[in-house]
**Student:** 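If you scroll down you'll find the structure; I have some questions about it.
Residue numbers run from 1 in the order of the sequence given.
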Amino acid sequence: MRGAIAALLLGMGLGTGMLTAHAAYPERGVKMIVPYPAGQTTDVIARTVGQELSDALGQAFFVDNRGGAGGIIGMEAAKRSEADGYTLLMTASGPVAINPGLYSKLPYDVQKDYEPVALVAMVPLFLVVRKDFPADNVRELVDYIKQHPGQLNYGSGGSGLTNHLAMEMFKSQAGLNMTHVPYRGASAALTGLLSGDVALMFEAGPAIKPHVESGALKVLAVGGREPARAFPDVKPVSVEGVAGYEAQAWIVLMAPAGTPKPVIDKLNAVTRDVVSRPAIQNKLAGLGADTVSVSPEDTREFIAREISVWGKAVKTSNAKVD
């Protein structure tokens with residue numbers, strides 16, 4: 001009987017030595033490629049979660065920052081890495097879901113070149129205006145913009161970025177006419193909003209929170225399906241007047257295609273345990289992120305859906321960067 005089982009396992013590519021190796025994973029340090037410079041939200045989340053994975057699995061999980069080219073450099077580096085579980089990719093919605101529609105040619109195929117490990121966090125985007133803007137909710141905002149077609153500007157951190165496309169989705173679904181003003185980064189766009197050069201924008205919680213607390217800005221809605229921890233009393237855009245609207249950034253852990261399933265499943269289980277811890281949830285909330293816990297299969301389905309959603313937003317905005 002033992003011989004028959006061993007033969008079956010070998011025929012499946014799951015010899016006893018391979019099974020033992022997977023069970024013992026990891027036996028050395030694990031590199032997590034982050035396609036952004038150090039200090040950005042994805043990098044900070046990768047380091048936070050990586051430290052918890054190190055503690056849980058007894059091996060170092062260390063970050064390798066490969067920023068540049070809209071995340072393409074880091075994505076390609078991960079694609080070319082060994083599919084052995086010792087190189088992972090902590091990336092975000094931009095390189096994974098937006099780039100496929102934004103670039104006419106990419107050196108990677110998200111759905112073929114990577115194995116989803118776990119969706120780690122959602123990063124809600126909030127619709128904000130200055131304190132003196134003559135609207136206090138989404139319905140009033142939509143009515144005001146329709147009464148002043150083409151007269152309002154909105155800001156973003158740059159053409160093709162998440163907060164640009166989130167507003168293009170809002171424009172399209174609400175039937176609005178506004179002018180896009182791209183800045184060099186979200187901080188510059190926020191300065192433009194505060195100074196009155198633009199009337200509104202979508203932005204993540206940490207950037208806007210000090211200005212909301214000071215009274216300089218007011219939050220009209222959140223782009224996700226549910227209220228977010230950063231502003232728990234703020235309702236979703238879809239509830240406030242634009243049915244079906246959903247736009248938010250997110251962070252995902254992935255691995256090169258071909259990484260053994262037992263390794264993927266083990267990483268998924270440990271990651272889900274890590275992000276369920278109150279201390280980690282509170283720390284990520286300070287970064288404007290809400291943790292999530294789903295299977296690799298659900299993560300794959302989520303990514304496919306998001307590629308479609310953001311692809312439509314790119315097409316509507318006519319944004320191109322190459």
**Student:** Please indicate whether Lys312 has more than 12 foreign heavy atoms, meaning atoms of other residues, nucleotides or ligands, lying under 6.0 Å from its NZ.
**Tutor:**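 Not buried by this count: 12 neighbours or fewer within 6.0 Å.
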**Student:** So, the side chain of Asn99 versus the backbone of Gly70: is there a donor-acceptor pair under 3.5 Å, distance only?
**Tutor:**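 A pair under 3.5 Å: yes.
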**Student:** Measuring only between side-chain heavy atoms, which start at C-beta, is Gln111 closer than 4.5 Å to Ile307?
**Tutor:**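 Result yes, sub-4.5 Å side-chain heavy-atom pair found.
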**Student:** Nearest 0.5 Å, please: how far is CG in Leu176 from CG in Leu152?
**Tutor:** 9.5 Å
**Student:** For Phe126 and Ala204, work out which heavy atoms get closest and say how close.
**Tutor:** CD1-C, 4.2 Å
**Student:** Determine whether Leu161 and Tyr103 fall in the same hydrophobic cluster, where Ile, Leu, Val, Met, Phe, Trp and Tyr are linked whenever their side-chain heavy atoms lie under 4.5 Å apart.
**Tutor:** no
**Student:** So, Tyr25 versus Tyr86, ring centres under 6.0 angstrom or not?
**Tutor:**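 Yes, the ring centres sit under 6.0 Å apart.
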**Student:** Mind checking whether Leu53 and Val30 have side chains closer than 4.5 Å, heavy atoms only?
**Tutor:** no
**Student:** May I ask you to check whether over 12 heavy atoms, not counting those of Glu226, lie within 6.0 Å of atom CD?
**Tutor:** no
**Student:** Determine the minimum heavy-atom distance between Met201 and Met167, stating which atoms define it.
**Tutor:** CA-CE, 3.6 Å
**Student:** Are the charged groups of Asp43 and Arg47 less than 4.0 angstrom apart, N to O?
**Tutor:** yes
**Student:** Would you give the length of the straight line joining atom CD of Gln151 to atom CG of Asn177, rounded to the nearest 0.5 angstrom?
**Tutor:**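 Result: 9.5 Å between the selected atoms.
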**Student:** Quick one, Thr291 and Ser276 - any side-chain contact, counting heavy atoms below 4.5 Å?
**Tutor:** no
**Student:** Of the non-hydrogen atoms in Glu115 and Gly258, which two are nearest, and what is the gap between them?
**Tutor:**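 Between these two residues, the closest heavy atoms are OE2-N, 3.3 Å.
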**Student:** If the plane angle is over 60° it's perpendicular, under 30° parallel, otherwise tilted; pick one for His164 and His180.
**Tutor:** parallel
**Student:** Got a second to check how far Ile45's CD1 is from Ile280's CD1, nearest 0.5 Å?
**Tutor:** 11.0 Å
**Student:** Do Thr162 and Trp310 have side chains that get closer than 4.5 Å, going by heavy atoms?
**Tutor:**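 Yes. Closest side-chain heavy atoms under 4.5 Å.
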**Student:** Nearest 0.5 Å please: distance from the CG atom of Leu88 over to the CE atom of Met32.
**Tutor:**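 Interatomic distance, Leu88 CG to Met32 CE, rounded to 0.5 Å: 7.0 Å.
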**Student:** Short question: side chain of Thr299, backbone of Pro116 - any donor-acceptor pair under 3.5 Å?
**Tutor:** no
**Student:** Between Ser308 and Ala304, is there a donor-acceptor pair closer than 3.5 Å when you use the side chain of the first and the backbone of the second?
**Tutor:**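 No, because the side chain of Ser308 does not come within donor-acceptor range (under 3.5 Å) of the backbone of Ala304.
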**Student:** Please step through side-chain contact (heavy atoms from CB on, under 4.5 Å) for the pair Val198 and Tyr154, ending with a clear verdict.
**Tutor:** CA-CA 5 Å; Val198 295; Tyr154 76 87; 5.5 Å; no
**Student:** Under 3.5 Å, is there a donor-acceptor pair between the side chain of Lys79 and the main chain of Pro107?
**Tutor:** yes
**Student:** Work out which heavy atom in Val110 is nearest to a heavy atom in Pro100; give both atom names and the distance.
**Tutor:** CG2-CG, 4.1 Å
**Student:** What heavy-atom pair brings Gly155 and Ala189 nearest, and what distance separates the two atoms?
**Tutor:** C-CB, 4.4 Å
**Student:** What pairs meet the salt bridge (charged side-chain N to carboxylate O under 4.0 Å, His left out) rule with one or both residues in residues 208-222, with sequence neighbours excluded?
**Tutor:** Asp136-Lys218
**Student:** Any heavy-atom pair between the side chains of Leu287 and Lys283 that's under 4.5 Å?
**Tutor:** no
**Student:** Is there a donor-acceptor pair under 3.5 Å between the side chain of Ser172 and the backbone N or O of Met169?
**Tutor:** no
**Student:** At their closest point, which heavy atom of Met90 faces which heavy atom of Val120, and how far apart are they?
**Tutor:** SD-CG2, 4.0 Å
**Student:** side-chain contact (heavy atoms from CB on, under 4.5 Å), that's the test. Do Ile251 and Leu284 meet it? Break it down for me.
**Tutor:** CA-CA 11 Å; Ile251 310 295; Leu284 267 58; over 6 Å; no
**Student:** Are Glu240 and Leu220 side-chain neighbours, meaning at least one heavy-atom pair lies under 4.5 Å?
**Tutor:** no
**Student:** Taking the six-membered ring for Trp, are the ring centroids of Tyr144 and Phe133 within less than 6.0 Å of each other?
**Tutor:**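 Centroid separation for Tyr144 and Phe133: below 6.0 Å.
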**Student:** Just by distance, do the side chain of Thr87 and the backbone of Glu82 share a donor-acceptor pair under 3.5 Å?
**Tutor:**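 Looks like no, no N/O pair under 3.5 Å.
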**Student:** Got a sec: does the CZ of Arg277 have more than 12 other heavy atoms crowding it under 6.0 Å?
**Tutor:**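 Yes, enclosed.
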**Student:** Quick check: do Ser156 and Leu165 have side-chain heavy atoms less than 4.5 Å from each other?
**Tutor:**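 Ser156 vs Leu165: side chains apart.
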**Student:** Where does the angle between the aromatic ring planes of Phe302 and Trp250 fall among parallel (under 30°), tilted (30 to 60°) and perpendicular (over 60°)?
**Tutor:**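 Judged by the thresholds at 30° and 60°, the geometry between Phe302 and Trp250 is perpendicular.
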**Student:** Go through it in stages, so that I can follow the logic: the residues are Val128 and His211, the test is side-chain contact (heavy atoms from CB on, under 4.5 Å), and I'd like the CA-CA distance, side-chain angles, deciding distance and then a yes or no.
**Tutor:** CA-CA 10 Å; Val128 291; His211 305 293; over 6 Å; no
**Student:** How about CD on Glu297, more than 12 heavy atoms from neighbouring residues, nucleotides or ligands closer than 6.0 Å, or not?
**Tutor:** yes
**Student:** Is there side-chain contact between Glu52 and Asp273, with heavy atoms separated by less than 4.5 Å?
**Tutor:**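 A side-chain contact under 4.5 Å is absent here.
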**Student:** So if you build clusters from Ile, Leu, Val, Met, Phe, Trp, Tyr with side-chain heavy-atom gaps below 4.5 Å, do Val234 and Val242 land together?
**Tutor:** no
**Student:** Hey, what do you get for CE (Met178) to CZ (Phe170), rounding to the nearest 0.5 Å?
**Tutor:** 6.5 Å
**Student:** Gln147 and Asp143: side-chain donor and acceptor closer than 3.5 Å?
**Tutor:**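 Note: Gln147 and Asp143 side chains miss the donor-acceptor criterion.
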**Student:** I'd like to know if the side chain of Ser238 reaches the main chain of Ala243, judged simply by a donor and an acceptor atom lying under 3.5 Å from each other, with no hydrogens or angles considered.
**Tutor:**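 The answer is no, because no donor-acceptor pair under 3.5 Å joins these two groups.
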**Student:** Would you check if the side chain of Tyr245 reaches a backbone N or O of Ala166 as a donor-acceptor pair within less than 3.5 Å?
**Tutor:** yes
**Student:** Evaluate the criterion side-chain contact (heavy atoms from CB on, under 4.5 Å) for residue pair Arg272 and Ser295; output intermediate values, then yes/no.
**Tutor:** CA-CA 9 Å; Arg272 293 172 74 174; Ser295 69; 4.0 Å; yes
**Student:** Determine yes or no for a side-chain-to-main-chain donor-acceptor pair under 3.5 angstrom, with Thr271 supplying the side chain and Asn268 the backbone.
**Tutor:**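 Flag not set: sc Thr271 to bb Asn268 has no pair under 3.5 Å.
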**Student:** Find the distance between CG (Asp113) and CZ (Arg80) and round it off to the nearest 0.5 Å.
**Tutor:**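 Reported value, rounded in 0.5 Å steps: 9.5 Å.
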